[in-house]
Structure formats: structure tokens, C-alpha cells
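Right, one structure below, let's go through it.
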Amino acid sequence: MKMYAYRELSPLDDDWKGWKISKGKLITPDGWPLTPDRIVMGNALIEIGATDELRYQREVLKTARMLKKLK
């Protein structure tokens with residue numbers, strides 16, 4: 001029940017500042033909910049060295065952050 005409720009992860013380590021767990025999802029500091037499948041997929045892309053995909057992912061994230069600031 002405690003993990004289902006909104007929990008900050010910053011007490012674990014400074015690297016987790018801004019990260020949260022809510023309703024079974026890991027929430028990034030930007031507010032993006034991550035499911036276990038998405039985390040595994042991201043790690044798999046890193047493991048296989050999918051540099052093109054990672055480059056595109058960085059560009060998408062960069063653009064998304066810029067759009068978020070336009071509010």
C-alpha cells in the first residue's frame with residue numbers, strides 16, 4: 001500500500017531527487033510515468049547499443065522539454 005501511494009524517492013539518494021512512485025509507476029522529475037515495460041525497453045536499447053535510437057530519443061526528449069516550457 002505504501003508503494004502505491006505517492007512517494008518521493010529522494011530520501012534514497014540525491015540522484016533520485018524529483019523522482020516519485022505513484023500507483024505502480026515510476027514518475028520522472030518531468031512528470032512522465034514509466035511502467036516496468038518502458039524501463040526494460042529503454043535498458044534493452046542501451047544494451048544493444050542502439051545509438052541511432054538513443055540519438056532520436058534525446059532529440060525527442062529535448063523537444064518535449066522545450067514544448068513543456070512554452071505553457
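Note on Ile21 and Ile39: same hydrophobic cluster, where clusters join Ile, Leu, Val, Met, Phe, Trp and Tyr whose side-chain heavy atoms are under 4.5 Å apart, directly or indirectly.
For the atom pair Thr35 OG1 and Met41 CE, the distance stands at 10.0 Å (nearest 0.5 Å).
Here the closest heavy-atom approach between residue Asp13 and residue Asp15 is recorded as OD1-N, 2.9 Å.
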Distance-only criterion, 3.5 Å: show the donor-acceptor pairs between side-chain atoms of residues 24-32 and protein atoms not counting sequence neighbours.
from  : atom 1 : to    : atom 2 : distance (Å)
Thr28 : OG1    : Asp30 : N      : 3.3
Thr28 : OG1    : Gly31 : N      : 3.3
Thr28 : OG1    : Trp32 : N      : 3.0
Asp30 : OD2    : Arg65 : NE     : 2.9
Asp30 : OD2    : Arg65 : NH2    : 3.4

